[in-house]
Amino acid sequence: MPETDGDTTKAAGGRRIAVLGEMLELGDEAVEAHREVGRMAAENRVDLIVAVGDTLAKQLALAAGAAGVPDIAMVGDNGTAAAYLASILQPGDVVLVKASRAGQLWQIAQALTGQPVTGL
């Protein structure tokens with residue numbers, strides 16, 4: 001069961017952090033699908049969302065904030081996301097990294113784990 005620290009729900013030992021990029025293959029439903037992901041993050045008690053990208057990432061971040069995610073960061077690219085995360089991660093934090101393949105968010109996971117960063 002998650003612990004509670006003030007208004008922030010924490011994963012066992014740390015924060016729940018979701019690094020979420022844009023899903024680029026959704027067509028006409030893209031905006032609403034990104035908003036739904038933001039709402040789902042709140043339902044799953046994510047403490048921090050790092051939204052990576054542009055317009056669709058912004059929609060995700062806005063919906064997450066409106067639904068109750070306490071901390072939101074918007075970044076434009078993977079390098080900025082990795083640098084930001086490296087500066088704020090604490091022992092015990094749990095990080096989920098997810099986007100469509102085109103977003104190449106695996107680069108963020110590679111950077112955070114000390115692996116060589118690869119492209120497509």
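In this structure, CG on Leu62 lies 8.0 Å from CD1 on Ile72, to the nearest 0.5 angstrom. If you take CD on Glu22 and NE2 on His34, they are separated by 5.5 Å, rounding to the nearest 0.5 Å. Taken to the nearest 0.5 Å, the OH atom of Tyr84 stands 12.5 Å off from the CD1 atom of Ile108. Separating the OG1 atom in Thr80 from the CG atom in Leu85 is a distance of 11.0 Å, to the nearest 0.5 Å. Interatomic distance, CG of Leu24 versus CG of Leu56, reported as 7.0 Å (0.5 Å rounding).
Leu48 and Leu96 end up in different hydrophobic clusters when Ile, Leu, Val, Met, Phe, Trp and Tyr side chains are linked at under 4.5 Å. Residues Val19 and Leu112 share a hydrophobic cluster, clusters being chains of Ile/Leu/Val/Met/Phe/Trp/Tyr side chains in contact below 4.5 Å.
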Intermediate values then yes/no, side chain to side chain contact (heavy atoms under 4.5 Å, CB included), Val52 and Asp77: CA-CA 6 Å; Val52 183; Asp77 60 72; 5.6 Å; no

Val75/Val50 under side chain to side chain contact (heavy atoms under 4.5 Å, CB included): CA gap, chis, key distance, verdict: CA-CA 7 Å; Val75 297; Val50 179; 4.0 Å; yes

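Between Ala51 and Ala57, the closest heavy-atom pair is CB-O, 3.6 Å. Closest heavy-atom contact between Trp106 and Thr118: NE1-O, 2.9 Å.
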Give the table of side-chain donor-acceptor pairs shorter than 3.5 Å for residues 37-44, with sequence neighbours excluded, one pair per line with atom names and distance.
residue, atom, partner, partner atom, Å
Arg39, NE, Glu36, OE1, 3.3
Arg39, NH2, Glu32, OE2, 2.3
Arg39, NH2, Glu36, OE1, 3.0
Asn44, ND2, Met40, O, 2.8

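Here side-chain hydrogen bond (donor to acceptor under 3.5 Å, both in side chains) pairs that include residues 48-65, with residues two or more places apart or in two chains, are Arg35-Gln59.
For the pairing with Gln110, the side chain to side chain contact (heavy atoms under 4.5 Å, CB included) check across Leu105, Asn78, Val117, Val97 returns one residue only, Val117.
In Glu29, the CD atom is not crowded: 12 or fewer heavy atoms of neighbouring residues, nucleotides or ligands sit closer than 6.0 Å.
Counting heavy atoms from C-beta on, the side chains of Ile49 and Leu20 come closer than 4.5 Å.
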